[in-house]
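Working notes for the structure below.
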There are 2 protein chains.
Amino acid sequence: MRNHAADAKVFKAFCDENRLQILQMLRNGEKCACVLLEHLQISQSTLSHHMKILCDSGIVVGRKEGKWTHYSISASGSEYAKHLLELLTTQTDSAQQTDCK
Amino acid sequence: MRNHAADAKVFKAFCDENRLQILQMLRNGEKCACVLLEHLQISQSTLSHHMKILCDSGIVVGRKEGKWTHYSISASGSEYAKHLLELLTTQTDSAQQTDCK
DNA sequence: AATACATATCGAAAAAAGTCAATGTGTAAA
DNA sequence: TTTACACATTGACTTTTTTCGATATGTATT
């Protein structure tokens, strides 16, 4: 039996336009928050909020280095999301139509 | 250049616990709304709202038959979501670290 | 030790999403 | 042509999410 709340959390990473824009940027390689911020029309605290959601979902990982935090797409997190998507949308072996009551 | 709003819409299907529970049920085969409703702790109007979001995302399709609407997971919609997920999480060929400002 | 910088956290406001009861619409049976 | 049923839509309310400015925290430089 799946934990729907935990599963939903993974996909929340992809449910916001700003987060998709962030992911788009990270596809080109690791970026620190200050660089991401330069390309977005949001405040620093809002960016920090989105990065937290992205990291909590497992799709992004942060690497602290001195004053900076470098973010990148997590290969394992992405694979897990794909696995989950497969799981959620694939018919079961015994799939059949259910009669109305 | 991707349409982030449209992409986000696809993944919203997977961002709510009730919708994940609905998908879980549909994995076992096509179900009409009344059957889904029997297994959920939500009102009929709320279910209708969720089915609209699921259908709008392309993950679910509805088939009207007399008084009933039979819902099922769309194979093509699911494939599209997988394709999108791949697109959003895969590094580009030229991926590289970007220096801080 | 003082300052500057990068990022996180807090608290409040605004926007979006989820929820329900009531009502509307379309279909079939009586 | 009533009546009953299945589902959609509306409007109001609640909850969650997004957003920002202000402030805190940690790190490096002067």
Side-chain angles (χ1 to χ4, degrees), chain A residues 3-23 25-26 30-57 59-72 97-101, chain B residues 4-26 30-57 59-72 97-101:
Chain A
N3 178 347
H4 297 309
D7 291 352
K9 193 172 178 178
V10 172
F11 293 102
K12 286 201 176 143
F14 306 97
C15 282
D16 178 89
E17 289 192 52
N18 284 313
R19 289 197 287 272
L20 290 185
Q21 206 175 332
I22 292 166
L23 287 175
M25 288 189 260
L26 295 183
E30 189 181 62
K31 302 265 181 307
C32 80
C34 59
V35 170
L36 294 173
L37 187 58
E38 280 183 332
H39 296 279
L40 295 163
Q41 311 311 311
I42 56 176
S43 70
Q44 182 270 319
S45 59
T46 299
L47 174 61
S48 194
H49 164 77
H50 285 306
M51 297 321 294
K52 184 166 169 50
I53 289 173
L54 284 168
C55 290
D56 287 354
S57 76
I59 301 298
V60 167
V61 284
R63 177 175 66 83
K64 296 210 75 171
E65 189 181 277
K67 294 191 290 186
W68 299 278
T69 307
H70 299 272
Y71 294 101
S72 57
Q97 211 215 296
T98 301
D99 290 338
C100 290
K101 59 179 174 185
Chain B
H4 297 309
D7 291 352
K9 195 172 177 179
V10 173
F11 294 102
K12 286 201 176 143
F14 306 96
C15 283
D16 178 89
E17 290 193 52
N18 284 313
R19 289 198 287 272
L20 289 185
Q21 207 176 331
I22 291 165
L23 286 174
Q24 186 90 302
M25 287 190 261
L26 295 183
E30 188 181 62
K31 301 266 181 309
C32 80
C34 59
V35 170
L36 293 172
L37 187 58
E38 280 183 332
H39 297 277
L40 295 163
Q41 311 310 312
I42 56 176
S43 70
Q44 182 269 320
S45 59
T46 298
L47 174 61
S48 194
H49 166 75
H50 285 306
M51 297 321 294
K52 183 165 170 49
I53 289 173
L54 284 168
C55 289
D56 287 353
S57 76
I59 301 298
V60 168
V61 284
R63 178 175 66 83
K64 296 210 73 170
E65 189 180 277
K67 295 191 290 185
W68 298 277
T69 307
H70 299 271
Y71 294 102
S72 56
Q97 213 214 297
T98 301
D99 289 340
C100 290
K101 58 179 175 184

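Computed from heavy atoms alone, side chains included, the values below leave out hydrogens, waters and symmetry copies. Residue numbers start from 1 in every chain, and the chains themselves are labelled A, B, ... in the order their sequence lines are given, proteins ahead of strands.
When distances run from any side-chain atom of Thr69(B) to the nucleotides dA8(D), dA28(C), dT19(D), the shortest one goes to dA8(D). In this structure, of dT27(C), dT19(C), dA22(C), it is dT19(C) that holds the atom nearest to the side chain of Thr46(B). The side chain of Ser43(A) approaches dG21(D) more closely than any other nucleotide in the set dC7(D), dT7(C), dG21(D). Closest approach to the Cys32(A) side chain among dG18(C), dT7(C), dA28(C) is made by dT7(C) (side chain taken as heavy atoms from C-beta onward).
When heavy atoms are screened at a 4.0 angstrom cut-off, Ser45(B) is found touching base atoms of the nucleic acid. Counting non-hydrogen atoms under 4.0 angstrom, Ile42(A) reaches the backbone sugars and phosphates but no base. Within the nucleic acid shown, His50(A) comes within 4.0 Å of sugar-phosphate atoms alone, with no base atom in reach, counting heavy atoms only. Using a 4.0 Å heavy-atom cutoff across all strands shown, Lys12(B) reaches sugar-phosphate atoms only and no base atom. Within the nucleic acid shown, Ser48(A) comes within 4.0 Å of at least one base atom, counting heavy atoms only. Among the protein residues, Ile53(A) comes within range of the sugar-phosphate backbone only, with heavy atoms under 4.0 Å from sugar or phosphate atoms but none that close to a base.
Between the P atom of dA8(D) and the CH2 atom of Trp68(B) lies a distance of 14 Å, rounded to the nearest Å. Here the P atom of nucleotide dG18(C) and the CG atom of Asp56(B) are 12 Å apart, to the nearest Å. At whole-Å resolution of the value, CD in Gln41(A) and P in dT19(D) are 12 Å apart. The separation between Met51(B) atom CE and dA17(C) atom P is 18 Å, rounded to whole Å. When rounded to the nearest whole Å, the span between CZ of Arg19(A) and C1' of dT19(D) equals 12 Å.
Judged by distance alone with a 3.5 Å cut-off, a donor-acceptor contact links the side chain of Gln44(A) to the base of dA8(C).
Remark: side-chain polar atoms of Arg19(B) are not paired, donor with acceptor, to backbone N or O of Ala8(A) under 3.5 angstrom.
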